[in-house]
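See structure below.
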Amino acid sequence: MKHKITRREYLRIMGISGIGISAGSLISDRLLAQDIGESGFQSSVIATNKVQDAQSSAVLINGEVIQPRRRLSLLSETDVLVVGGGPAGIAAAIAARRAGAKVTIVERYGHFGGLWSGGLVLLIIGHIAKGPKQVCQGIGEEMMRRLEKMDGAIINRSHGSNPTVDAEAVKYLMVEMIEEAGVEVFLHCWGVDAVRQDNSLRGVVFESKSGRQAILAKVVVDATGDGDIFAAAGARFEHRSHNIGLVSRIGNLDRVDKTKTSDTEKPRRLGSATPVPGVNWVNLTGPEVDGLDLATLTRMELNHRKYIWTKMQKVRSVPGYENVYLVETAPQLGVRITRILDGLNRVTVDDIKKATRHPDVVGVGGAAHFEHGEWQIPYGALVPKTVDNVLAAGRCIDCDVRMADLVRLIPNCFVTGHAAGVAAAVAVRDRCTPRQADVTEIQKILRQQKAYLG
Amino acid sequence: MEDGQDGGCSLPRPSSRISRRLLVRLVCIIVAVLCLLPIGDKDILLAFVPALSPFVAVASILVTKTVPLILILGFVTGLAALFRHRWFCHWVCPMGLCLDGASYLGRRLKRRPCQAMSINQWLLALTLAGAIVGYPLFLWCDPLALFSGIFLLGERHQMLAGAVSFLVVMLLLILSVLLPHVWCRGLCPLGAFQDLLARVPRSIRSILKPTSSLPSRERAGHPVARRTLLGLLIGAASSGILRLAGRDASRPLRPPGAVDEFNFKGLCTRCGNCVRSCPYGIIDRKTGQQDITGFMTPVLSFKEDYCREDCVRCTKVCPSGALAGLDLSNKPQIRIGLAQVDMNICLLGEDRECSACMRWCPYNAIRYVFSEAEYTLVPVIDADKCNGCGACEVACPTIPHKAIRVFAQPDIV
């Protein structure tokens, strides 16, 4: 080459041609779109092929993968950001909205309900204390009442019994209630990092098909179950291992010919009934492992899937049970406990034994099998010790090892979610951090929202 | 009533001395009843009455080979008995007062009063010899134990045991009407023991000063000595036979601090103190089962409550040391029994969520282990930490039978 191009000239050429190509493709794409649209084809072509933030991909430098620093776009700005759309998150979002805050809820799966629907934990236990006395009221009870009015949504709803729900009904109901409440929703969106400023949380970073974006909020409710957000925010926590299972549903149990086998040969452990006739949900406890370890999660999925399939084949080989089949394995792995917040207060077994009355009670929990009395949940168990503007809700609130199996039960997640939502709204309204929020105000609004506080 | 107040008579009036004694005895029985009635939050006061017996104290030392503090009461009584023959019977014994009342009625009905019998000496000898071998055969005949036992008539769940105690005392009362003074003169082993103690100073004196001994007493001594020796031999033999016979018997759950099962069944005086002292009502008296040697002894029942980790009350009130005194600090180390799980009943065996037993165990003795073979969790009990308190049994939600229960351990030889 005789003539050397200067850098400026080079850039100018590239820039112009870039614009030219983009414009050209834009025009031609639109033409293409019009073409296909006219011929009646179902799918359409999106008008751009530009990937967001193309220059910020990770690079390999000296054998290490480095993510360059870049600006993230803002997905939304809100008062109360609820991360996680399970029982705790839904309760928190609806509660905060009803208390007057602007609320956004974000969920990593494509549906609400978390382990309740996605995890197929269809039996509701933990809302009834010895008596029997139902201690889970408020938004959780409201959901159960609405399920009663829906066709085929819930069975065994009577005083002192543990009901069973249908997952699809739950998913639908939550959509209805969230939309009624007027909460902003983002599904298929995974909370991956915290937006921090000193010891305060200012928002959360999300990853989705639309790329890496941030939502800024005044208060964040961490309803992820694993405390992903408060951990990213730098709050102290305990990392525990616990059993990981996989729930499944089996069908055609109403097409079993019981006369063909003796009682001793009948297959056992076929779960319990759901609102769908002939379909049972089957629980699985699983080994005690680390629910934050990817290799473990993978191994659990693989092992449980093999076990469930093999077990079903055995069931089908029993005379009379040939029609029984595996309807589905839960799309969500049954992780029970991972991170536990180190909060201002802790729920302990003494709270049951001594029937402790906390002055900052924001919720009351029950028993799994009606075998003991109610226990009060102090507000401090939701508040991290060192980080501001984030509240824990659901199974990750501060509790001792023996109480974790009660705190994580679905109705008790409704209760703590409800409390977190109200507390977040109060903090926003009073322009203070959740730590400084007036607990008597929180309790007053909770009672207005029909929560039972003992 | 004081001398001289009746107008100058200087001789002590017999009736005034009798009524003074009666007054003291009435006060004693009232005090005893107040101590034994299961009202209020009595602790060591419960032990006061049955622990007064030196008969029980000596048997206790012979069996347990230890001298706990509670035996002081018996010692004091026994010591005084060396100097004042049967002072306890005349001034204090509440059982004696009741039976004297019945005897008085009998005498009024012109029944012939009982003359001295030797049955009480036999009972004493059999018991003390049995105690040396490990089973004090008739310790339950102690009058204070019999008296204390009736204060459990309204016992929770146990009408039969209360009725038994009541009937025994009723029987003695009726017997005392028909044959006045039969118990105190002829049957009561504590009376025989006091007779024995009263002879000690005289024997010592006769050894030190042989010339002043009375011939009639010496002559009467030989049959007594022969009888006593025979009683001791039979007692020891019976106790030995019972030990061999009861070797493989299954044992029930005993209150904490219980001594070796064989010793326990004999050393327990059936006074009912432990039952009265238990704030949680988990102690019952055993009336069922074929084992007569353990009839009416206390057993634990975890139907509504368990042996709390912060309580050792029953061990502080046992007059005979059948329940050895415990401190709260060594309660975790004692072994009431061991918990065992029946996976056919356990909810975990049905893939159901439950962690009640682990939650309620005060000693962290239970954990759940995933069984690859069963593909579910199985509760595993750490035998080094489990003391058999029964908290898990109470907590277990399965009905009608509990999946986890406490079973008594076989005695460690």
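A, B, ... follow the sequence lines: proteins, then strands. Residue 1 opens every chain. All figures in this text were calculated on a predicted structure; none of them were measured in a lab.
- Contact residues of residues 269-276 of chain A toward chain B are Arg269(A) (heavy-atom distance under 4.5 Å).
- No other option in His369(A), Glu371(A), His372(A) has as many heavy-atom pairs under 4.5 Å with chain B as His369(A).
- Under a 3.5 Å cut-off, the side chain of His159(A) and the backbone N or O of Pro132(A) do form a donor-acceptor pair.
- Residue Asn303(A) touches chain B through both its backbone and its side chain, counting heavy-atom pairs closer than 4.5 Å.
- For a heavy-atom cut-off of 4.5 Å, chain B lies close to Arg402(A), Met403(A), Asp405(A), Leu406(A), Arg408(A) in residues 402-415 of chain A.
- Here Glu353(B) is the residue among Glu353(B), Glu372(B), Met358(B), Arg352(B) with the most heavy-atom pairs under 4.5 Å with chain A.
- A salt bridge does not link Glu301(A) with Lys306(A): none of the charged nitrogens is closer than 4.0 Å to a carboxylate oxygen.
- Residue Asp226(A) forms a salt bridge (charged side-chain N to carboxylate O under 4.0 Å, His left out) with just one option from Arg336(A), Arg339(A), Arg395(A), and that option is Arg395(A).
- To the nearest 0.5 Å, the span separating CD on Glu374(A) from NE2 on His127(A) amounts to 14.0 Å.
- In this structure a side-chain-to-backbone donor-acceptor pair under 3.5 Å is present from Asn387(B) to Lys331(B).
- The number of heavy atoms from other shown groups lying within 6.0 Å of CD1 (Ile399(B)) does not exceed 12.
- Heavy-atom pairs under 4.5 Å with chain B peak, among Ile125(A), Val282(A), Leu123(A), Asn243(A), at Asn243(A).
- The side-chain tip of Arg308(B) points at the ring of Tyr280(B) from less than 6.0 angstrom away and within 45° of straight on.
- One finds no salt bridge joining Lys402(B) and Glu393(B) here, because no Lys/Arg side-chain nitrogen approaches an Asp/Glu carboxylate oxygen to under 4.0 Å.
- Between the Asn330(B) side chain and the Gln333(B) main chain, no donor and acceptor come within less than 3.5 Å of each other.
- With hydrogens and angles disregarded, no donor-acceptor distance shorter than 3.5 Å links the side chain of Arg346(A) to the backbone of Asp398(A).
- Salt-bridge formation is detected for the pair Lys266(A)/Asp263(A): a Lys NZ or Arg NE/NH1/NH2 atom is positioned less than 4.0 Å from an Asp or Glu carboxylate oxygen.
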